[in-house]
Student: 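The structure is given below, and queries will be raised subsequently.
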2 protein chains.
Amino acid sequence: QMGLAENQLCFDLIQDWLKKNPKASICSPEGLNEFREIAIFQDYHGLPEFRSAVANFMEKVRGNRVTFDPDRIVMSGGATGAHETVAFCLADPGEAFLVPAPYYPGFDRDLRWRTGVKLIPVDSDSSNSFMVTREALENAYEKAQLDNIKVKGLLITNPSNPLGTILDRETLRSIVRFINEKNIHLVCDEIYAATVFSQPDFISVAEILQEDIECNLDLVHIVYSLSKDMGFPGLRVGIIYSYNDAVVSCARKMSSFGLVSTQTQYLIASMLSDNEFVEMFIRESKSRLAARYRVFTRGLDQVGIECLKTSNAGLFLWMDLSRLLKEQTFKAEMGLWRVIIHEVKLNVSPGCSFHCSKPGWFRVCF
Amino acid sequence: QMGLAENQLCFDLIQDWLKKNPKASICSPEGLNEFREIAIFQDYHGLPEFRSAVANFMEKVRGNRVTFDPDRIVMSGGATGAHETVAFCLADPGEAFLVPAPYYPGFDRDLRWRTGVKLIPVDSDSSNSFMVTREALENAYEKAQLDNIKVKGLLITNPSNPLGTILDRETLRSIVRFINEKNIHLVCDEIYAATVFSQPDFISVAEILQEDIECNLDLVHIVYSLSKDMGFPGLRVGIIYSYNDAVVSCARKMSSFGLVSTQTQYLIASMLSDNEFVEMFIRESKSRLAARYRVFTRGLDQVGIECLKTSNAGLFLWMDLSRLLKEQTFKAEMGLWRVIIHEVKLNVSPGCSFHCSKPGWFRVCF
């Protein structure tokens with residue numbers, strides 16, 4: 001199973017914590033007194049202690065260099081629901097978001113299916129380590145205008161899935177300047193924030209906004225979740241953090257379509273407000289991911305497979321198998337993918353599914 | 001607090017069960033072995049044992065006179081998410097559902113907001129105990145056609161919120177014949193099914209479909225939830241049960257926007273597959289609701305307030321305060337409502353919020 005970006009490296013830490021904190025389960029004899037209150041609770045603001053604990057965790061994951069206001073934490077059904085909600089809030093059918101490619105294939109469904117919103121890939125260049133450039137953003141924006149498509153925003157994933165890279169400070173500043181100049185929204189998917197396992201450190205867009213940079217804060221929104229950073233996709237904890245009051249208010253009303261179970265809110269509130277545990281977890285998780293990355297890259301290196309050198313995050317590697325292609329086409333890429341999946345019996349994902357503009361790249365999860 | 005339809009009468013039974021079944025909590029020492037598997041689980045089919053347990057509970061609530069196929073159980077974020085998903089599946093923007101009035105005000109938001117679907121009230125007559133008649137359905141259908149609005153379905157709530165009444169067998173048959181003749185969908189909200197506390201028994205649309213009645217099964221869909229029947233709105237367990245394969249498949253894909261937390265699925269699976277507990281719970285819940293109803297109606301009777309006589313379900317009464325109105329208008333109804341809420345300090349809901357066609361009716365939760 002190398003096709004699914006799952007983080008299962010730290011479940012022993014979670015289990016230890018749960019053993020020591022039986023009250024965190026409202027279904028244990030120790031926690032049962034709260035069950036009644038929790039089971040009936042359905043306020044779409046969420047439990048105050050849940051919002052505080054999530055804000056606390058988001059700060060810790062970002063090195064305590066930023067602060068998050070618990071009142072701007074909006075719940076949603078996983079990052080999937082968060083992205084759709086943001087799209088519903090920001091754009092009308094037919095309007096578009098720019099998305100630097102290669103990008104997570106789920107966006108094509110999550111953002112477009114029920115909202116009628118369009119996604120426009122922003123191409124990147126393998127020779128440039130797939131970096132997001134101002135030039136590429138301008139090109140995509142202008143092309144959309146020529147095609148008579150109204151661009152309402154830019155969606156970035158930082159750290160990137162599938163690249164496993166993070167955006168450096170200068171690129172982030174350039175992105176913020178770009179959306180501010182164009183007066184379009186910036187949606188930052190930071191669901192892999194805690195998976196950055198080596199230097200340089202992850203920089204959240206929140207950090208850039210705290211700098212002396214000119215930006216209309218109403219344009220900026222962060223999507224977060226506990227599916228990758230903690231490995232809890234089953235618990236469906238999706239978060240929208242918006243600097244825009246109207247979006248907070250609208251998204252909160254929409255959150256009724258995918259609220260987080262109060263049982264889960266209660267557990268997460270208890271777990272993530274334990275600072276000692278959170279700090280240990282983040283540290284240990286990074287260290288285990290780094291170890292896994294080293295083993296994996298060493299193995300690939302031994303068989304002569306190159307990966308994107310700039311990656312230091314995520315649960316995956318972005319492999320260059322282009323020299324194994326019969327010809328440099330996506331058809332050949334799919335041919336190679338079928339060989340890998342049926343003969344080598346490894347589930348990896350071909351670059352074309354991520355809208356990669358150059359054939360031969362594959363994402364492999366570690 | 002008499003404005004919110006909450007079922008809190010049986011939490012002692014739930015708490016007893018939880019004490020005796022510590023494994024049902026995956027966060028207790030007894031259940032911890034499952035935590036890892038559950039936290040990562042995010043298949044949008046849901047845990048097989050969850051679907052079986054919910055089907056089991058739905059059958060028991062309906063007196064075991066019907067069977068439900070666990071493979072047709074689709075998860076959603078509460079009944080709120082279920083209704084929106086069904087609307088997305090069945091209708092395009094601008095198309096409409098007929099809804100017998102008075103009806104739950106939340107429908108106006110849940111079904112219309114993001115889907116662009118319209119709701120058309122089907123009027124009912126207080127002199128006729130607000131029954132749903134074939135004539136009223138025909139009138140609403142024809143009026144929609146004259147207005148050039150395409151009717152895609154009929155949405156009924158059975159037992160009714162706010163009436164607290166159930167649909168009798170002949171009315172249900174007539175409704176099924178109606179939608180089949182018009183070839184429109186029938187969405188049956190049965191979230192109050194287990195709140196029927198006195199004779200006659202609740203009849204699910206599922207029971208009618210098992211009769212020798214002519215109906216295209218592809219047209220029928222049930223919305224269910226554990227928010228009222230078990231009093232768990234905070235746990236966000238919404239269910240779509242469709243007889244239509246295409247709807248099951250489409251709704252299941254859409255369910256990713258509001259999946260039930262696997263932590264909650266696991267708990268519910270364990271609890272609702274315990275037949276002895278389920279049977280005791282349903283029996284005891286009915287009996288407590290009946291007692292509460294008696295106390296309440298007796299009190300209202302003593303002060304000369306009449307309620308709808310035909311109600312035997314729900315967590316509320318439908319009171320007739322029309323003789324307290326200064327004039328028989330909705331303006332006077334709102335005036336009376338303000339007096340009740342500010343001076344009597346009781347949170348009740350005025351009939352106009354339920355699209356009731358006659359002024360003076362109020363819903364009071366017991």
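In what follows, chains carry the letters A, B, and so on, assigned in the order in which the sequence lines appear, proteins first and then strands, with residues in each chain numbered from 1. Because the structure is predicted, anything quoted here is derived from the model rather than measured.
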Student: Does any heavy atom of chain B fall under 4.5 Å from the side chain of Phe88(A), the backbone, both, or neither of them?
Tutor: side chain
Student: Among Gly81(B), Gly238(B), Pro233(B), Gly258(B), which has the most heavy-atom pairs under 4.5 Å with chain A?
Tutor: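 Of the options given, most contacts go to Pro233(B).
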Student: Could you have a look at Gln265(A), Glu30(A), Met254(A) and say which one has the most heavy-atom pairs with chain B under 4.5 angstrom?
Tutor: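 When all of Gln265(A), Glu30(A), Met254(A) are compared, Met254(A) has the most.
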Student: Going by side-chain hydrogen bond (donor to acceptor under 3.5 Å, both in side chains), name the residues that satisfy it together with Asn33(A), two or more places apart in sequence or in a different chain.
Tutor: none
Student: List the residues meeting side chain to side chain contact (heavy atoms under 4.5 Å, CB included) with Ser285(B), not counting sequence neighbours, and say none if there are none.
Tutor: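 Ser285(B) satisfies side chain to side chain contact (heavy atoms under 4.5 Å, CB included) with Asn7(B), Cys10(B), Phe281(B), Leu289(B) once adjacent residues are dropped.
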Student: Applying a criterion of heavy atom separation less than 4.5 Å, what residues of residues 41-51 of chain B form contacts with chain A?
Tutor: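 So far as heavy atoms go, Phe41(B), Gln42(B), Tyr44(B) are the residues that approach chain A to under 4.5 Å.
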Student: Given a strict heavy-atom distance threshold of 4.5 Å, which part of Leu4(A) is in contact with chain B: side chain, backbone, both, or neither?
Tutor: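 Neither part, no heavy atoms under 4.5 Å.
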Student: Is chain B contacted by the side chain of Met230(A), its backbone, both, or neither, given a heavy-atom distance below 4.5 Å?
Tutor: neither
Student: Indicate whether any N or O donor in one side chain lies under 3.5 Å from an N or O acceptor in the other, for Ser28(B) and Ser28(A).
Tutor: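 There is no such pair (donor and acceptor under 3.5 Å, judged by atom type) between the side chains of Ser28(B) and Ser28(A).
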Student: Could you look at Glu37(A) and say if it's the side chain, the backbone, both or neither that has a heavy atom under 4.5 Å from chain B?
Tutor: neither
Student: Which one of Lys253(A), Arg114(A), Arg36(A) has the most heavy-atom pairs closer than 4.5 Å to chain B?
Tutor: Arg114(A)
Student: Is there side-chain contact between Val260(A) and Ser261(B), with heavy atoms separated by less than 4.5 Å?
Tutor: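 The answer is no, as the side chains (C-beta and beyond) never meet within the 4.5 Å cut-off.
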Student: Any side-chain donor-acceptor pair under 3.5 Å between Arg109(B) and Ser256(A)?
Tutor: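 There is such a pair between these side chains.
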Student: Using modelled atom types and a 3.5 Å cut-off, is there a donor and acceptor pairing between side-chain atoms of Gln15(B) and backbone atoms of Phe35(A)?
Tutor: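 Looks like no, no N/O pair under 3.5 Å.
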Student: What residue in Leu235(A), Asn21(A), Val237(A) has the most heavy-atom pairs under 4.5 Å with chain B?
Tutor: Leu235(A)
Student: Is chain A contacted by the side chain of Trp113(B), its backbone, both, or neither, given a heavy-atom distance below 4.5 Å?
Tutor: side chain
Student: Side chain, backbone, both or neither: which part of Ile40(A) has an atom under 4.5 Å from a heavy atom of chain B?
Tutor: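 Both parts, backbone and side chain.
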Student: So what's closer than 4.5 Å to chain B heavy atoms on Leu226(A): side chain, backbone, both or neither?
Tutor: neither
Student: Could you verify whether a donor N or O on one side chain and an acceptor N or O on the other, from Ser25(A) and Ser25(B), lie under 3.5 Å apart?
Tutor: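 Yes, because at least one side-chain N or O of Ser25(A) sits under 3.5 Å from a partner of the opposite role on Ser25(B).
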Student: Could you list the residues that satisfy side chain to side chain contact (heavy atoms under 4.5 Å, CB included) with Lys150(B), not counting sequence neighbours?
Tutor: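 Counting only residues at least two positions away or on another chain, Lys150(B) forms a side chain to side chain contact (heavy atoms under 4.5 Å, CB included) with Glu95(B), Lys152(B).
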Student: Look at Thr80(B), Leu32(B), Ile26(B), Ile14(B) and state which one has the largest set of heavy-atom pairs under 4.5 Å with chain A.
Tutor: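 Among the listed options, the one with the most contacts to chain A is Leu32(B).
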Student: Work out which heavy atom in Gln263(B) is nearest to a heavy atom in Thr264(A); give both atom names and the distance.
Tutor: OE1-OG1, 2.7 Å
Student: Which residue out of Asp12(A), Thr85(A), Thr115(A), Asp110(A) racks up the most heavy-atom pairs below 4.5 Å with chain B?
Tutor: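 Counting heavy-atom pairs under 4.5 Å, the top option is Asp110(A).
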Student: With a 4.5 angstrom heavy-atom cut-off, which part of Glu6(B) approaches chain A: side chain, backbone, both or neither?
Tutor: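 Contact with chain A: side chain only.
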Student: How far apart are the closest heavy atoms of Phe11(B) and Ala39(A), and which atoms are they?
Tutor: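 Shortest heavy-atom contact: CE2-CB, 3.7 Å.
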